[in-house]
Each structure stands twice: as structure tokens, then as C-alpha cells.
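Keep in mind the model is a prediction, meaning the values are calculated, not measured. Along the sequence shown, residues carry numbers from 1. Note that ligands are numbered from 1 as they come in the structure, with each ligand's atoms numbered from 1 the same way.
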Amino acid sequence: MNDFVYDIPVRVYFGREQLHHLGDELRRFGTRVLMTYGGGSIKRIGLYDHVIEEIKRAGLELHELGGIEPNPRIDSVRQGVRMCKEHNIDVLLAVGGGSTIDATKFIAAGACSELDPWDFLDYAKQAPISRALPIVDILTLAATGSEMDSGGVISNPETGDKNGRMAFPLLPKVSFLDPTNTYSVSPYQTACGAADMMSHIIEVYFDMQPGLYMLDCFMEGLMKTIIRYAPVAMHNPENYEARANLMWASSWAINGFIDGGRQQAWSCHPIEHELSAIYDITHGLGLAILTPRWMDFCLDETTVSRYARFGINVFGINSEMAPMDIAHEAIRRLSDFFFNTLGLKRTLPEVGIDETHFALMARKAVGGNVLRGFKPLRQVDVEHILHQCMH
Ligand code: NZQ
Ligand code: ZN
């Protein structure tokens, strides 16, 4: 195992009856609160009213920014920054899925800076993020892990970019994880969330560095949890056990624990971000389409042992088969999970994407050079993977 620092100071309130702590938690950081949310799902499920009640009970001053888009846009971030400055906000309260929480992270950073918030995300500028307002979140969709990680991804329609950035000050201070807040998540978004979590783990698990046995077992457990419970939640949305397992798995898939000091770059995520930058598709859907094709591309004699372990321990494939056969069967089982069990679309044309922008997307995904992930990817390799997604 490599040396590493593990420091995830996010206080988690998990479960059904935790929101009465909200007022006290917000008050730790001040009295003026900016609450952020998306297109209205929190109003439909009654969560909005519940939150307002708690804020009133605590005697806090409330400001609101609703309408944050899925694949959140830099203009929403800019609007939030303006509001923070105008009302002298002390603490941000993000209520929603990854998009709302991500946008809130860059509002929090922008509020402590004179820079335009895109400067934090522009890969050429990478403005330092040394401070941010404190963030409290109430998660409503198990998927991205934004509730317990230091990253966020923002779209800029003017430049055609969807860029991500991690920084320690962006870590939420407090996370309320109530699985019942995800009962209303549609089967489609539940499926996309499951695909996203699977990908977060696969991006780390597929690495040839030895010596991380304990983390391998942990990741296999997380993947089995997602495979077991995503279909249960899709068919029985109010199954608490399923929603609870998915919610906690989403946080642990990306909160840094499974990395164990691994430095390897991710592969499918940079490619998917190019798809959702241009076509505004759901992140988990893009990952489901890409991941099996990427796995296929990376499979060879030097990597086959990893696939075999994955196939045996995650899908229970017969360990007596030849490793290469296990590897192919593992990719087939993963595809079956994404496209049959979860019912996600299998190809790019089915989600309205053709070859028009393949070269541009591939060039940006590899940062104009080589993406040093599980297997190094050049522009031509990414283009090949995208072509494999056409049928
Ligand atoms: O906007 P509202 O009305 O809230 O509706 C949302 C939205 O339409 C809806 N939804 C959320 N909670 C719901 C609900 N509908 C019914 N009941 C509920 N309880 O679901 C839709 C999708 O929401 P969104 O927040 O966009 O989904 P998700 O959590 O998957 O976030 C996706 C974004 O996160 C980024 C993705 O790229 C994408 O932009 N990611 C962030 C990461 C991070 N911070 O670490 C890592 C990920 O890899 C990912 O890139
Ligand atoms: Zn993701």
C-alpha cells in the first residue's frame, strides 16, 4: 500500500429521524443561510417544508436559490455567489442530488473570492481554492458521493466544457443521509445512480498495483451491494433496506477510503464528462454505456488477472474457467446488469449521440495528450472506445 493521508471530516447524520439536528448544525457556522436546490423534487416530496420548519424553529435567516440544473451550469454558481455576497451568507445548505451539491461547492468557494468561479474549474487556470463557506447537505439521490467528497463538476455551455475539481475546503461539514428522501427517485435515476457508483469503484478497482487486498475486498462488497439492491429499489422504491444500502454505498464509493493512496487517473469519467458536456445526458447513463467497452479495450494478458478476480468475487463466476474466459464473462455480466437488470440504454445512438464530435471529445478527455489510467489512453484509443459504443 502507498503512504496516504485520510482526512474526511464530514459529520454524517444517517437515518430517518435526524433532521431535528439541522438547526443546531447550521448555527455552528452562523445565522444567515443560503439554501440551494434543484428543479422542485424537494417540494414534491415534502422535504422543502420540513427543512423550512427546522430553519424557522432555529431562528435563522433564510435565503433560497432554486432551479439548479442537472449537469449544473456555471451561471447558477455565479448567481449563488452574488447572493452570498449580497446577503453576507454564513453557511450554505444544499438540498438535493449531486448537481445541487456540486454547484453549492463552487458557490461556497466563489463567495470567498473575487475571481469568477469558472477560474476554479478552467483547466488552464486552476485558480487555488484555499477557502470556502461551510456547506451542510441533505442528500436526496444516491449516486455521485458529492455529499462526502471534496469534488464537483460544473458545465459551461459557453465554452462547451464540463470540468471537475477537487479541493479540501469544498468538503461538506455535515451530511444528512435519510434514505426515505430517496423513495421518490425514479427507477431511471435510481439505475443511473447505481451505474455511477459502480463506475466510481471500477475506476479504482481496475489497477494492477498489488498489495491492497483489504481494499479490494471492501470494493467487491460495495459492488455486490449495488448489484443486489439497485433492482430492489427500482421495483420497490420504498424498500428502506435497499435505499439505505445504496445511500451509504454512494458515499463510500468515492469518499477517498477505497483509494488507499492509489494515484491512477480515472478513465471513463473524463470521457463521460465530454458526452454530458455536449449532449447533456445523465452522467450514470453515459458511464454505463462506456464502461463495458472500456473494459473490453483494456483487457489483455497483462490485465486479465484483475478481470478474473472481479468476475469471481463480484459475479460469482466459476474460478476453474480460464482467466480470459472469466474476464469476457465478467464484462458480459456487467453489461447484463447495466442494460437488462437496470434497463439502461446500451448504445450512443439510442441516447441521440452520433460520431460528429468524437474527435473533439476524445482529444479533450485525454487532456490533449495521454490519459494515464488503468491503461494509457491516447485520443485515438478514446475514439475507438466511442465507436464501440455505436452498436
Ligand atoms: O432537480 P430536481 O427537481 O431536484 O430533480 C432531480 C434531477 O432531475 C432528480 N431528483 C433528485 N432527487 C430526487 C429527484 N427526483 C425525485 N426524488 C428525489 N428525491 O434527479 C435528477 C438528477 O439529479 P442530479 O442531482 O443531477 O443527479 P446526480 O446526483 O446523479 O448528480 C449528477 C451530477 O453530479 C456530477 C455529474 O457529472 C453530474 O453533473 N458528479 C459529481 C461527482 C462528485 N461531486 O464527486 C462525481 C460524479 O462522478 C459526477 O461526475
Ligand atoms: Zn460519477
Colleague: Nearest non-hydrogen atom to atom 20 (O) of ligand 1 belongs to which of T182, L141, T282?
Modeller: L141
Colleague: Within the 4.0 Å heavy-atom shell around H283, which atoms of ligand 1 are there?
Modeller: 36 (C), 37 (O), 47 (C), 48 (O), 49 (C), 50 (O)
Colleague: Please work out which of the three classes, parallel, tilted or perpendicular, describes the rings of H283 and H273, given edges at 30° and 60°.
Modeller: parallel
Colleague: Would you kindly specify which portion of H273 sits under 4.0 Å from ligand 1, judged on non-hydrogen atoms: side chain, backbone, both or neither?
Modeller: side chain
Colleague: Would you mind running through ligand 1 and noting each atom that sits below 4.0 Å from a heavy atom of P72?
Modeller: 39 (O)
Colleague: Scan side-chain atoms only and decide if T140 and Y37 contain a donor-acceptor pair under the 3.5 Å cut-off.
Modeller: no
Colleague: At a 4.0 Å cut-off, with the gap strictly under it, does some heavy atom of K162 reach an atom of ligand 1?
Modeller: yes
Colleague: Which atoms of ligand 1 sit under 4.0 Å from any heavy atom of A143?
Modeller: 30 (O)
Colleague: Can you list the atoms of ligand 1 that are under 4.0 Å from a heavy atom of Q189?
Modeller: 20 (O), 21 (C), 22 (C)
Colleague: With a heavy-atom distance limit of 4.0 Å, tell me whether N181 approaches ligand 1 through its side chain, its backbone, both, or neither.
Modeller: backbone
Colleague: Has the side chain of E203 got a donor or acceptor atom that lies under 3.5 Å from a matching backbone atom of H269?
Modeller: yes
Colleague: Counting from 1, what ligand 1 atoms have a heavy atom of V153 closer than 4.0 Å?
Modeller: 40 (N), 41 (C), 50 (O)
Colleague: Looking only at distances, please establish whether an N/O atom of ligand 1 is found under 3.5 Å from an N/O atom of D149.
Modeller: yes
Colleague: Please list the nearest protein heavy atom to atom 2 (P) of ligand 1 with its residue and the distance rounded to 0.1 Å.
Modeller: G39 N, 3.3 Å
Colleague: Determine whether the side chain, the backbone, both or neither of N71 has a heavy atom under 4.0 Å from any heavy atom of ligand 1.
Modeller: both
Colleague: Nearest protein heavy atom to atom 15 (N) of ligand 1, by residue and atom, and its distance?
Modeller: S41 CB, 3.6 Å
Colleague: Looking only at heavy atoms, what is the nearest atom pair of Y123 and G164, with distance?
Modeller: OH-N, 2.9 Å
Colleague: Please identify which atoms of ligand 1 are closer than 4.0 Å to at least one heavy atom of S146.
Modeller: 44 (N)
Colleague: Give the residue, atom name and distance (to 0.1 Å) of the protein heavy atom nearest atom 46 (C) of ligand 1.
Modeller: T144 O, 3.8 Å
Colleague: Centre-to-centre under 6.0 Å for F315 and F337, is that the case here?
Modeller: no
Colleague: Of all the heavy atoms in H200, does at least one lie under 4.0 Å from an atom in ligand 1?
Modeller: yes
Colleague: Give, rounded to 10 degrees, the angle between OD1 (D196) and NE2 (H200) as seen from the Zn ion (ligand 2).
Modeller: 80°
Colleague: Under a 3.5 Å distance rule, please check whether R27 uses its side chain to pair with a backbone N or O of A58 as donor and acceptor.
Modeller: yes
Colleague: Regarding ligand 1, does T100 bring an N or O atom to under 3.5 Å of one of the ligand's N or O atoms?
Modeller: no
Colleague: Applying a heavy-atom cut-off of 4.0 Å, say which part of V185 lies close to ligand 1: side chain, backbone, both or neither.
Modeller: both
Colleague: Closer than 4.0 Å to some heavy atom of H269 - which atoms of ligand 1 meet that?
Modeller: 48 (O)
Colleague: Kindly assign one of parallel, tilted or perpendicular to the pair F310 and F206, based on the angle between their ring planes and the thresholds 30° and 60°.
Modeller: perpendicular
Colleague: Answer yes or no for R309 and Y205: cation-pi contact, defined as NZ/CZ to six-membered ring centre under 6.0 Å and angle to ring axis within 45°.
Modeller: no
Colleague: Any idea which part of E69 is under 4.0 Å from ligand 1, heavy-atom wise: side chain, backbone, both or neither?
Modeller: neither
Colleague: Looking only at heavy atoms, which two atoms of R73 and E69 are closest? And how far apart?
Modeller: N-OE1, 3.0 Å
Colleague: Please identify which atoms of ligand 1 are closer than 4.0 Å to at least one heavy atom of D196.
Modeller: 47 (C), 48 (O)
Colleague: Heavy-atom distances under 4.0 Å are what count here, so tell me which part of S184 touches ligand 1: side chain, backbone, both or neither.
Modeller: both
Colleague: Which residue and atom name correspond to the protein heavy atom nearest atom 8 (O) of ligand 1, and how close is it?
Modeller: P70 CG, 3.9 Å
